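Report on the following structure.
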Amino acid sequence: AIMLKYFPLSARAKKDVVGLIVSILLYIVVSAVLGFVFSLLSGIPLVGWIIGIIGSLVGLYCFIGIVVSILVFLKVVK
């Protein structure tokens, strides 16, 4: 339950395969869009390294979200 509190998009994977695919695609799209935006902003001096750290954390969050989605679908996490 605590995992779904921090990864609410993963709750979509409870119902069926379509929910799992939608959940995974949402995490991938969010990661790609923010990665593109962060890559544009990373060229700014003094802010670039902060943007790099934030981008890495967002990528890690999306990866963990995909793993939680799969675990929810397999009913390992409730």
Side-chain angles (χ1 to χ4, degrees):
I2 194 164
M3 294 300 274
L4 294 179
K5 178 181 174 185
Y6 294 112
F7 300 97
L9 291 177
S10 298
R12 293 179 179 256
K14 282 184 178 181
K15 298 177 182 169
D16 55 3
V17 176
V18 175
L20 174 65
I21 293 171
V22 167
S23 176
I24 290 173
L25 286 177
L26 282 172
Y27 280 117
I28 290 173
V29 167
V30 166
S31 180
V33 169
L34 289 179
F36 177 73
V37 171
F38 289 156
S39 70
L40 294 176
L41 295 175
S42 67
I44 301 172
L46 298 175
V47 179
W49 63 275
I50 296 172
I51 296 296
I53 292 171
I54 293 171
S56 298
L57 291 175
V58 168
L60 182 63
Y61 176 83
C62 289
F63 175 73
I64 294 172
I66 290 171
V67 171
V68 171
S69 293
I70 293 169
L71 293 175
V72 165
F73 178 73
L74 297 174
K75 297 183 181 20
V76 174
V77 175
K78 296 182 181 183

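The first residue in the sequence is number 1, and the count goes up from there. Just so we're clear, the structure is a prediction, and the values are computed from it rather than from any experiment.
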Which heavy atom of Lys14 sits nearest a heavy atom of Lys75, and at what distance? O-NZ, 3.9 Å
Nearest-0.5 Å distance, CD1 of residue Ile66 to CG of residue Leu20: 10.0 Å
Using the rule that two of Ile, Leu, Val, Met, Phe, Trp, Tyr join whenever any of their side-chain heavy atoms come within less than 4.5 Å, decide whether Phe38 and Val33 are in one cluster. no
Is it the case that one hydrophobic cluster holds both Val68 and Leu26, taking links as side-chain heavy atoms less than 4.5 Å apart, direct or via other members? yes
Hphob cluster co-occupancy, Val76 + Phe63, side-chain heavy atoms under 4.5 angstrom: yes
The side chain to side chain donor-acceptor pair (under 3.5 Å) partners of Ser10 (sequence neighbours excluded) come to Tyr27, Ser69
Do the side chain of Ser23 and the main chain of Gly19 share a donor and acceptor less than 3.5 angstrom apart? no
About how many Å separate CZ of Phe73 and CD1 of Ile24, when rounded to the nearest 0.5 Å? 9.5 Å
Can you get from Val29 to Ile70 by hopping between Ile, Leu, Val, Met, Phe, Trp and Tyr side chains that sit under 4.5 Å apart? no
Can you hop from Ile50 to Leu40 via hydrophobic side chains spaced under 4.5 Å? no
Could you give the distance from OG (Ser39) to CG (Leu34), rounded to the nearest 0.5 Å? 10.5 Å
